[in-house]
Amino acid sequence: MSIWDASHETMDRERLRALQLERLQATVARLYERVPHYRERLAALGAEPADVRALDDLRRLPFTTKADFRDRYPYGLFASPLADVVEVHSSSGTTGKPVVAGFTRRDLDTWAELVCRVAVMAGVQADDVAQVSFGYGMFTGGFGLHYGLQRAGATVLPMSAGNTARQLQFMQDFGTTVLVATPSYALYLAESIQALGAPDAFRLRLGLFGAEACSEEMRRQIESRIPILATDNYGLTEVMGPGVAGECECRAGMHVAEDHFVVEVVDPTTDQPVPEGEVGELVFTSITRECSPVLRYRTRDLCSVTTERCACGRTLARMGRIVGRTDDMFIISGVNIFPSAVERVLFAIEGIEPHYRIVLGRRGALDTFEVQVEVSEALFNGWMDDLRAFERRVTEELRSALLVRPKVKLVEPGTLERTEGKARRVIDERPR
Ligand code: DLL
């Protein structure tokens with residue numbers, strides 16, 4: 001197992017905390033000087049950069065939210081003049097103005113370095129051929145993985161997302177060994193590879209997946225179709241993009257690049273830190289960015305973090321899988337439901353294909369909750385009675401896990417929409 005930057009990735013945690021404090025102080029001073037939004041926020045608390053004397057003082061600093069990014073769209077949170085900015089990325093902004101983040105040359109260098117770490121910890125080597133099937137463009141996935149994989153010495157195929165036939169062709173012709181995609185697109189590609197029926201034509205051995213939640217069951221579904229080791233990595237536009245955290249070959253959580261980001265886990269309702277190892281909302285502070293540093297960004301992503309040393313030798317904290325988002329939870333008949341809980345039940349049932357969709361609606365005063373799920377060819381084309389019995393079983397298993405009875409609709413394999421980017425699992429048609 002190789003480590004790209006052992007001096008940081010295996011750093012003694014006391015020294016790491018000292019480095020974090022030094023970098024945090026510099027970042028707070030930079031924001032105070034250069035970004036009116038942060039100066040105003042700190043002033044409102046009667047705080048100044050000099051008040052940050054220990055790492056725990058971070059808890060007294062204000063949070064940053066997605067709304068802050070939107071209110072200052074596009075450049076209002078930049079701490080560098082445009083003359084120093086060489087690249088800009090943004091998130092999709094499906095529910096409002098997009099989030100914008102800028103990169104100076106040094107920021108791009110850091111980005112490449114951190115994505116390279118994630119790639120190397122997953123097992124990427126210089127002789128790998130890496131097919132980047134994340135979208136290139138304003139999304140951080142394509143370019144981020146591109147820069148990092150190049151730094152790791154891999155041969156990069158900048159495919160971008162989509163055009164699946166061409167993806168498969170190049171995968172065979174160029175001898176792709178590493179597939180880089182969202183887990184849902186990876187699953188679609190894996191199904192397409194399986195359908196070709198020529199497994200020997202492919203040399204895939206490793207998957208670098210991220211940008212959306214991937215349950216253990218989803219990972220198994222991908223790995224059962226193509227012979228790869230699937231690894232998860234995490235990041236977000238507000239904090240940098242990919243490279244914030246990634247799994248090593250032990251696959252026992254994602255190592256956070258703590259020499260560049262301070263991670264906190266807070267109770268989303270009380271804003272107070274939760275005990276180590278418990279699930280809460282991730283909050284990140286970036287401490288080395290020049291253009292778009294962010295103080296205590298509320299990610300809305302729910303997961304736990306441990307600082308226990310990993311078998312790989314890295315001392316960096318590890319985050320568990322993202323179990324949900326504070327904003328993807330929906331409420332049916334007063335019960336809180338995360339899509340990940342629905343997925344866990346479905347994927348554990350033999351005969352179910354790993355494609356589903358949750359449709360929420362309203363009839364009269366009541367919410368409706370439908371789960372559409374693909375079943376295997378054999379089941380779908382078999383006896384009607386068997387299909388009905390299967391539907392009852394799926395309904396019952398969902399009801400017992402979620403405590404709410406959904407309407408289950410079994411559909412033919414291949415009917416639900418496949419995505420090339422992030423999957424959209426929940427369709428909420430309820431009037432606002
Ligand atoms: O998705 C950055 C990225 C690109 C990460 C490629 C990894 C690989 P955004 O488009 O800003 O950035 O979306 C960020 O996606 O807050 C999470 O909710 C979700 N997300 C990202 N990675 C994971 C993951 C990129 N590994 C939002 N597991 C985040 C679960 C993830 N959710």
Side-chain angles (χ1 to χ4, degrees), residues 64-66 69-70 88-101 103 111 114-119 121-122 130 132-149 160-161 178-186 207-216 218-219 222 230-247 251 253-257 261 263 268 279 281-284 286 292 294 297-305 318-329 338-340 343 419-426:
T64 305
T65 62
K66 206 181 261 301
F69 276 88
R70 289 185 176 147
V88 171
H89 284 273
S90 85
S91 69
S92 53
T94 39
T95 50
K97 284 241 191 296
V99 163
V100 179
F103 294 78
W111 197 18
L114 296 187
V115 177
C116 170
R117 271 192 202 174
V118 164
M121 73 174 84
V132 180
S133 305
F134 277 134
Y136 278 68
M138 297 308 277
F139 175 52
T140 53
F143 280 97
L145 267 297
H146 185 98
Y147 297 144
L149 285 160
S160 201
V178 180
L179 174 62
V180 183
T182 57
S184 46
Y185 192 42
L208 286 184
F209 304 141
E212 67 178 7
C214 178
S215 63
E216 206 50 53
M218 176 84 168
R219 163 135 86 188
I222 299 170
T231 61
D232 192 6
N233 70 89
Y234 169 88
L236 60 170
T237 314
E238 294 85 344
V239 174
M240 185 176 73
V244 174
E247 271 182 332
R251 301 202 296 184
M254 297 183 267
H255 290 284
V256 178
F261 311 103
V263 59
V279 171
E281 179 180 352
L282 285 173
V283 173
F284 281 102
S286 51
S292 298
V294 65
Y297 182 67
R298 301 285 300 244
T299 63
R300 300 186 186 174
D301 291 322
L302 296 169
C303 94
S304 63
V305 170
R318 282 169 289 152
M319 32 182 283
R321 280 172 185 282
I322 303 291
V323 296
R325 284 179 53 83
T326 54
D327 54 2
D328 76 358
M329 186 190 82
F338 284 103
S340 56
E343 176 170 316
T419 49
E420 292 154 359
K422 304 191 191 215
R424 198 166 147 237
R425 305 284 197 198
V426 182

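Every number for a ligand or one of its atoms is a count from 1 in the order of the listing.
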Any donor-acceptor N or O pair under 3.5 Å, side chains Y185, E420: no
I want to confirm something. Looking only at heavy atoms, which of E212, E238, K422 is nearest to atom 27 (C) of ligand 1? K422
If hydrogens are left out, which of A211, G241, G144, G243 has an atom nearest to atom 22 (N) of ligand 1, that is, the closest non-hydrogen atom? A211
Interatomic distance, R219 atom CZ to C214 atom SG [nearest 0.5 angstrom]: 6.5 Å
Regarding E281 and T326, is there a side-chain donor-to-acceptor distance under 3.5 Å anywhere? no
The atoms of ligand 1 lying under 4.0 Å from a heavy atom of I322, numbered in the order shown, are 28 (N), 30 (C), 32 (N)
Just to verify, what does F139 make a side chain to side chain contact (heavy atoms under 4.5 Å, CB included) with, not counting sequence neighbours? F134, A211, K422
State whether the number of non-hydrogen atoms from other residues, nucleotides or ligands found under 6.0 Å of R251 atom CZ is greater than 12. yes
Show me the donor-acceptor pairs within less than 3.5 Å that the side chains of residues 230-237 make with the rest of the protein, sequence neighbours left out.
residue: T231; atom: OG1; partner: G207; partner atom: O; Å: 2.8
residue: N233; atom: ND2; partner: F209; partner atom: O; Å: 3.1
residue: Y234; atom: OH; partner: D301; partner atom: OD2; Å: 2.7

I need the contact type for F209 against ligand 1. Using non-hydrogen atoms and a strict under-4.0 Å cut-off, is it side chain, backbone, both or neither? neither
Is N233 touching ligand 1 with its side chain, its backbone, both, or neither, if touching means heavy atoms under 4.0 Å apart? both
Where ligand 1 meets G141 - atom numbers and elements under 4.0 angstrom, heavy-atom basis: 4 (C), 6 (C)
Heavy atoms only, cut-off 4.0 Å: how does T140 contact ligand 1, side chain, backbone, both, or neither? side chain
Heavy-atom pair with the smallest gap, counting every atom of S286 and V294: OG-N, 2.8 Å
Report the part of D232 in contact with ligand 1, treating N, CA, C, O as backbone and CB onward as side chain, heavy atoms under 4.0 Å; options are side chain, backbone, both, neither. side chain
Please work out whether the ring planes of Y147 and W111 are parallel, tilted or perpendicular, with thresholds of 30° and 60°. perpendicular
For atom 11 (O) of ligand 1, what's the nearest protein heavy-atom neighbour? Residue, atom name and distance, please. T237 OG1, 2.5 Å
For atom 29 (C) of ligand 1, what is the closest protein heavy atom, and at what distance to 0.1 Å? D301 OD2, 3.2 Å
Proximal ligand 1 atoms for A213, defined as those under 4.0 Å from one of its heavy atoms: 28 (N), 30 (C), 32 (N)
Looking at CE of M218 and CZ of R321, how far apart are the two atoms once the value is rounded to the nearest 0.5 Å? 10.5 Å
Ligand 1 to F139, heavy atom cutoff 4.0 Å, flagged ligand atoms 1 (O), 4 (C), 10 (O), 25 (C)
min-distance protein heavy atom vs atom 5 (C) of ligand 1 -> G235 N, 3.5 Å
Looking only at N/O atoms, are T299 and ligand 1 under 3.5 Å apart anywhere? no
